[in-house]
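Lettering follows sequence order; numbering is per chain, from 1. Note that these values count all heavy atoms, side chains included, but never hydrogens, waters or copies made by symmetry.
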Protein chains: 2
Amino acid sequence: MGAVPVWLRERRSGVGRPAERSRAEVTAAAIALADREGLAAVSMRRVAAELGTGAASLYRYVDSRDDLLDLMTDEVAAAYELPPPGPWLPGLLEVCRQGRELMRRHAWLPELVLTRSALGPHGTDLLEQVLEILAGHPADVGRKLEAFAVMNALTAALTLSELDVGARQRQGAYLAHAVAAGRHPHLTAALTGGSPVPAPHFEDTISRVLVGLLGE
Amino acid sequence: MGAVPVWLRERRSGVGRPAERSRAEVTAAAIALADREGLAAVSMRRVAAELGTGAASLYRYVDSRDDLLDLMTDEVAAAYELPPPGPWLPGLLEVCRQGRELMRRHAWLPELVLTRSALGPHGTDLLEQVLEILAGHPADVGRKLEAFAVMNALTAALTLSELDVGARQRQGAYLAHAVAAGRHPHLTAALTGGSPVPAPHFEDTISRVLVGLLGE
DNA sequence: CTCATTCGGGAACGGTGTTCGCGAACACCG
DNA sequence: CGGTGTTCGCGAACACCGTTCCCGAATGAG
């Protein structure tokens with residue numbers, strides 16, 4: 001054990017006292033809690049309380065908190081409704097659009113996707129679909145797998161900065177200070193040039209990146 | 001306060017007992033500790049012990065642990081040695097190449113860059129340089145700023161997965177299982193097709209993404 | 001009914017970030 | 001020199017945290 005992911009350490013069954021809950025129930029409770037109060041609130045004690053049980057009991061279903069986080073991520077990935085076959089670019093864009101939607105619905109997701117890229121059953125299904133969308137594409141396997149990774153990471157990173165208004169405010173505060181200090185001419189020109197900075201749209205950005213990666 | 005970043009909450013001075021340490025010293029101790037034992041080891045108590053002092057003392061230099069993490073990130077960004085003026089693509093590639101090198105030297109950096117994108121003085125200098133490199137480029141300001149964000153996020157994400165061998169192993173273990181189960185034809189074809197999957201190189205990937213984003 | 005086996009979970013261990021408050025150390029002022 | 005205002009250092013405490021131990025309870029099999 002150690003190099004073996006959560007999903008392979010399934011519950012054996014048969015003899016003994018039957019469990020009162022399931023891994024899915026624990027995962028759902030954790031997701032509900034994270035949706036309501038953020039990732040930081042997902043502690044073993046809080047999740048257990050959500051289920052009306054004790055913290056130690058959770059370790060019957062999960063080896064560690066990190067395992068639970070992986071389960072949460074993969075569980076959400078079950079909600080992808082994959083697009084019908086068609087040209088690859090619109091197909092991948094739709095996947096990204098849905099990913100962004102999932103992350104907006106679960107504001108804790110981007111952080112998990114970025115810091116622990118764990119492929120569970122649903123994540124694997126998604127990868128399979130992406131490979132199917134790219135089936136006719138001439139790029140080699142390595143590049144396709146990389147496109148998948150870049151898609152996910154970029155969607156998460158862009159959605160995260162989109163959601164984290166606190167960070168944007170602090171950033172703005174410091175940039176304003178830097179401009180006022182006067183030692184950053186290009187930055188000053190960029191930030192004071194006429195209208196408020198036009199923000200590129202998510203789909204446009206992802207689209208350009210994908211085209212750059214996989215060709216027209 | 002709250003929307004005001006660490007760097008603007010500078011130490012006022014003059015009267016009173018002089019401080020025995022400096023913010024820079026605290027930051028350096030935290031970086032040394034993180035380099036040696038990882039980000040998880042950077043607790044207020046451990047950093048304080050590194051300096052031979054008590055945990056509570058650190059709060060004279062920093063408002064919270066998160067502030068300290070931001071200081072660490074920005075401090076490392078001081079090490080960029082910016083390329084001489086020239087065509088924009090090689091210039092940006094050099095910036096990314098150096099970013100990757102910094103992240104390999106400080107394995108805790110990618111996580112911080114991905115989850116808390118805080119621009120401090122050195123990060124702002126870097127942004128200024130990137131804007132200078134792009135000074136002659138016809139793209140509008142929004143797209144240039146976005147290119148900066150994408151560059152950073154992608155460099156961090158790629159370097160992180162490069163460094164995190166544990167995750168790659170677990171991933172491999174589960175993918176092997178999925179292939180064995182037989183319900184993922186494209187995935188199976190991709191993973192069993194001839195030689196080991198050819199991994200695209202970092203600079204090539206970043207280059208394609210930048211060209212997609214900013215044009216040839 | 002016995003028994004191996006599993007589950008539930010209170011209690012405890014060794015951590016964590018942060019706050020409180022007090023004594024000490026200094027710069028300035030009279 | 002003696003206050004005095006102000007800051008610094010930091011032990012102690014608070015409210016948590018993840019995880020492990022261990023024992024009693026529950027169960028299905030024989």
Query raised in the report: In whole angstrom, what separates A:L39's CG from D:dG18's P?
Result: 11 Å
Query raised in the report: Rounded to the nearest Å, what distance is computed from the OH atom of residue A:Y61 to the C1' atom of nucleotide C:dG8?
Result: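 Going from A:Y61 (OH) to C:dG8 (C1'), I get 8 Å.
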Query raised in the report: Do you know which of A:L71, A:L69, A:D74 makes side chain to side chain contact (heavy atoms under 4.5 Å, CB included) with A:V6?
Result: A:L71
Query - Assigned partner base of C:dC3, Watson-Crick or wobble definition, under 3.5 Å - result: D:dG28
Query - Identified pairing partner of C:dC26, criterion: Watson-Crick or G-U wobble below 3.5 Å - result: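 Base partner found: D:dG5.
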Report task. Please report the C-alpha distance between A:D204 and B:R143 in whole Å, then the side-chain angles of each, then the deciding distance to 0.1 Å, and finally whether the salt bridge (Lys or Arg N to Asp or Glu O under 4.0 Å) criterion is met. Result -> CA-CA 11 Å; A:D204 180 47; B:R143 220 182 282 294; 3.1 Å; yes
Requested in this report: Can you tell me which residue pairs pass the side-chain hydrogen bond (donor to acceptor under 3.5 Å, both in side chains) test with a partner in residues 148-161 of chain B, sequence neighbours excluded?
Outcome: none
Atom pairs, protein N/O to nucleotides 14-20 of chain C N/O, distance under 3.5 Å:
unit_1, atom_1, unit_2, atom_2, d
C:dT16, OP1, B:S43, OG, 2.9
C:dG17, OP1, B:M44, N, 3.4
C:dG17, OP1, B:R65, NE, 3.1
C:dG17, OP2, B:M44, N, 2.8
C:dG17, N7, B:R45, NH2, 2.5
C:dG17, O6, B:R45, NH2, 2.7
C:dT18, OP2, B:Y59, OH, 3.0
C:dT18, OP2, B:R65, N, 2.7
C:dT18, O5', B:Y59, OH, 3.4

Query raised in the report: Considering residues at least two apart in sequence or located in another chain, which fulfil the side-chain hydrogen bond (donor to acceptor under 3.5 Å, both in side chains) criterion with A:R104?
Result: A:E162
Can you give me the N/O atom pairs linking the protein to nucleotides 22-28 of chain C at distances under 3.5 Å, or say none if there are none?
unit_1, atom_1, unit_2, atom_2, d
C:dA24, N3, B:R17, NH1, 3.2

Contacts under 3.5 angstrom, residues 186-193 of chain B side chains, donor-acceptor by atom type, not counting sequence neighbours:
unit_1, atom_1, unit_2, atom_2, d
B:H186, ND1, A:E128, OE2, 3.1
B:T188, OG1, B:H184, O, 2.8
B:T192, OG1, B:T188, O, 2.6

Query raised in the report: Between A:T205 and A:H201, is there a donor-acceptor pair closer than 3.5 Å when you use the side chain of the first and the backbone of the second?
Result: yes
Query raised in the report: Just by modelled atom types, is the B:V113 backbone N or O under 3.5 Å from a matching donor or acceptor in the B:S117 side chain?
Result: no
Query raised in the report: Among pairs that include at least one residue of residues 181-191 of chain A, which meet salt bridge (charged side-chain N to carboxylate O under 4.0 Å, His left out), considering only residues two or more places apart or in two chains?
Result: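 Sorted result for residues 181-191 of chain A: empty, none.
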